[in-house]
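Residue numbers start from 1 in every chain, and the chains themselves are labelled A, B, ... in the order their sequence lines are given, proteins ahead of strands. What's counted below: heavy atoms across the whole structure, side chains too, no hydrogens, waters or symmetry copies.
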Amino acid sequence: MMAEPPVLSVRNLRVEFPTRRGTLLAVDDISFDIAAGEVLGIVGESGAGKSLTGSAIIGLLEPPGRVAGGEIRLGGRRIDNLSREAMRPIRGKRIGMVFQDPLTSLNPLYRVGDQIIETIRTHLPLGEREARARAIELLTEVGIQGAERRIDAYPHEFSGGMRQRVVLALALCAEPELIIADEPTTALDVSIQAQIIQLLKRLCRERGTAVMLITHDMGVIAETANRVAVMYAGRIVEIGPVREVIQSAHHPYTRGLMGSIPSLEGTSDRLTQIPGSMPRLTAIPKGCAFNPRCPLAFDRCRVERPDLMAVDHSLAACWLVAREGAEAPR
Amino acid sequence: MLAFTIRRLLEAAVVMLTVALLAFVLFRFVGDPINQMVGQDTSIAEREELRQRLGLNDPVLVQFGRFIWNAARYDFGISYQVKRPVTSLIAERFPATFELALTAALFAVLLGIPMGVYTGIHRDSWLSKLFLSVSLVGISLPTFLIGILLIYVFAVQLGVLPSFGRGEVVRIGGWTTGLLTASGLKALILPAITLGLFQMTLVTRLVRSQMLEVLRTDYIKFARARGLSDRAVNFGHALKNTLIPVITIIGLQLGAIIAFAIITETVFQWPGMGLMFIQAVQNADIPVMSAYLLLVAFLFVLINLIVDLLYVWIDPRVRIYGREA
Ligand SMILES: Nc1ncnc2c1ncn2[C@@H]1O[C@H](COP(=O)(O)OP(=O)(O)O)[C@@H](O)[C@H]1O
Ligand code: SF4
Ligand SMILES: [Mg+2]
């Protein structure tokens, strides 16, 4: 059977920021695919380039940031070289976006219904009344009770969790094939995070939507993702099936991140932190970018940069993989 | 909402009383009005009789009470100088100032907002840079200098616009308007620009900085991510949020325009209330002065009130707090 092209395919993507002191490479040569109905988790410490990757895909990099190389394909068709005007109908229609903070994602001066209806009518040939009916349906579907009434409320009349549900409804209102969720629960109460994640998971499964789930919460990843990409200093250092990455990570950085999942019983809240911090873009170390913090670093790590190498069902960018006699680098 | 309005009204009343007290106290020390009203040869007895008739011999508190009572009924007494009711003087002068201030405000808002929006959206275009340089001039030059410069260029050198007066006016009921004749409209141009230029640049810069700030917010990024058109994002989502703080400033500036009309009216010999006030000061015409002060204060307070209510109407978040209050 001939495989469908993946919903999203990113190849050798580079994002750079020209600055007075030279060009910063914030996303450095990353590649990944997401199939329909699949959830790809993107994890990594703050500043790793996760959000920029999302912004680049949806074509909303803030200047002077720009895509400096590589390809982004949606359903097999390139979208990274589209004009502003050609890209606009794709946003919201084919790619939905959910941001971190539901408190600031909605325009405070417009009723939530008006914001949903406006989005629906931008993308679908519906009249005001049909769009309103659809908006009520969507709100009901994301779990807002009394949607016929609540549709006329303003954002500040909703709690944080409810607002994130509204944001989900907005992202889903034109049935996009891809959802990019950038830390959708980070700003929420812990008790509500699980509900929102469950909702996102259910909605996307029902629709067969591909999801790019950016988070630095490994617990969320463990529960939600099919595959995980781990980012460090603008590069993917490990990517593979969620089981394998969580239970037998190949990259020391990934293992460090896994150590920071709180234990299930919650008896121990001690997080194994990786000592040190991620390098700034202006000072990325020679060799493996992780080497100053890596407990297993050896000579080669300080001079030569490892590329992703196949190991088991994953790819990992670590010289240990090569040393342990895994398959040849690719 | 009702409680909010009532509270604002009470606050307004307190402000007006304070201004009335100020006006009353201040002008008691400006000089002896009797000296201004009578000639050298008036006898002491006649002066005393006039003083008695004007109530200037009553206890201060009684005089103040009478002042408030009369002012509340829109009666500011008789002008010492021209011996006519102050209210009828004001009625004659008010239309000129009102039309000037309104034109200046429209000039400031109708030009300032689009320029602010444009320079906010197209940050780096050469036109934006031109607007901003020009607005720097408007902010830094004093009003009278701008007036004199405009007169020099357009009245003296080019001879296309008049340098003083209102031109021909038309009387409609008790109102005289310069808006219906060509010469009246022409006469309005230079004074209105002079009076409104500062506010225009202020509005431009304010709208621009607000616009820049709003365009950086998450909900604008989210609006773009939803695929809304640039027009819907810039003029729907961004502009409305931009205008909230701008409305306050515009309201306050409207008061400032009326107050600063004094300078412009003097430069252009514009027969409005400002000019009337200057003449009243020169002649220690206390009733006219205090009436002017009260009236300007009243307009300030009224505009503030309107701005507050407008704010509540536009911003649903304030609407809630207003309801709770
Ligand atoms: N406008 C900008 N100019 C320069 N560097 C930027 C800019 N925006 C982001 N960066 C840099 O890009 C890197 C990645 O940012 P981001 O994608 O937001 O990280 P995260 O993984 O936390 O989402 C950060 O190190 C940040 O400093
Ligand atoms: S390449 Fe070396 S420094 Fe980098 S993660 Fe592997 S062992 Fe550590
Ligand atoms: Mg981020």
Side-chain angles (χ1 to χ4, degrees), chain A residues 51 54-55 57-64 84-85 87-112 114-116 118-124 152-157 163 166-167 169-174 176 179-182 187, chain B residues 1 113 117 119-125 128 207 210-248 307-325:
Chain A
S51 299
S55 298
I57 291 167
I58 202 167
L60 283 177
L61 282 174
E62 310 258 347
R84 231 178 122 69
E85 265 319 290
M87 192 61 204
R88 201 177 58 70
I90 292 178
R91 292 199 276 266
K93 175 94 176 82
R94 299 184 58 197
I95 307 177
M97 189 105 190
V98 177
F99 289 114
Q100 175 171 345
D101 192 349
L103 301 186
T104 56
S105 291
L106 298 169
N107 189 331
L109 300 188
Y110 289 87
R111 299 169 198 278
V112 298
D114 292 343
Q115 302 189 49
I116 300 176
E118 176 186 33
T119 314
I120 292 174
R121 297 199 61 193
T122 301
H123 298 298
L124 305 173
D152 290 320
Y154 288 94
H156 66 84
E157 297 173 89
R163 268 190 245 188
V166 173
V167 170
L170 272 163
L172 287 169
C173 69
I179 291 268
I180 300 174
D182 191 349
Chain B
M1 184 69 203
I113 290 182
V117 170
T119 52
I121 296 176
H122 307 280
R123 233 177 316 176
D124 298 321
S125 85
S128 295
V207 168
Q210 280 300 320
M211 197 76 184
L212 287 177
E213 198 166 300
V214 169
L215 285 177
R216 271 197 299 268
T217 59
D218 283 356
Y219 57 81
I220 293 300
K221 195 169 179 202
F222 189 49
R224 289 197 201 287
R226 284 187 276 141
L228 302 186
S229 66
D230 284 345
R231 228 186 54 152
V233 173
N234 290 334
F235 295 97
H237 288 268
L239 187 57
K240 197 171 175 188
N241 279 280
T242 299
L243 287 185
I244 284 190
V246 172
I247 284 176
T248 319
V307 167
D308 276 349
L309 295 178
L310 218 58
Y311 209 96
V312 174
W313 179 61
I314 291 192
D315 193 336
R317 289 163 298 182
V318 185
R319 209 179 295 166
I320 287 291
Y321 305 135
R323 220 184 286 150
E324 281 165 0

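The candidate from A/Q100, A/E62, A/H123, A/K93 with the greatest count of non-hydrogen atom pairs under 4.5 Å with chain B is A/H123. By number of non-hydrogen pairs under 4.5 angstrom with chain B, the leading residue of A/N107, A/L106, A/I180 is A/N107.
Between the NZ atom in B/K221 and the CD1 atom in A/I58 there is a gap of 9.0 Å [rounded to 0.5 Å].
Residues A/E118 and B/R226 have side chains in contact (heavy-atom distance under 4.5 Å, counting atoms from C-beta outward). Using a 4.5 Å cut-off on side-chain heavy atoms (C-beta onward), B/Y219 and A/Q115 make no contact. Between A/R84 and B/D230 the shortest side-chain heavy-atom distance falls below 4.5 Å.
Within the 4.5 angstrom heavy-atom criterion, no atom of A/P89 approaches chain B. Interface residue A/T119: backbone and side-chain heavy atoms are both found under 4.5 Å from chain B. B/I220 does not touch chain A: none of its heavy atoms, backbone or side chain, sits under 4.5 Å away. For A/L103, no part sits under 4.5 Å from any heavy atom of chain B, backbone or side chain. In this structure, chain B has heavy atoms under 4.5 Å from both the backbone and the side chain of A/L60.
Ring pair A/F99/B/F222 is perpendicular by interplanar angle, where above 60° counts as perpendicular and below 30° as parallel.
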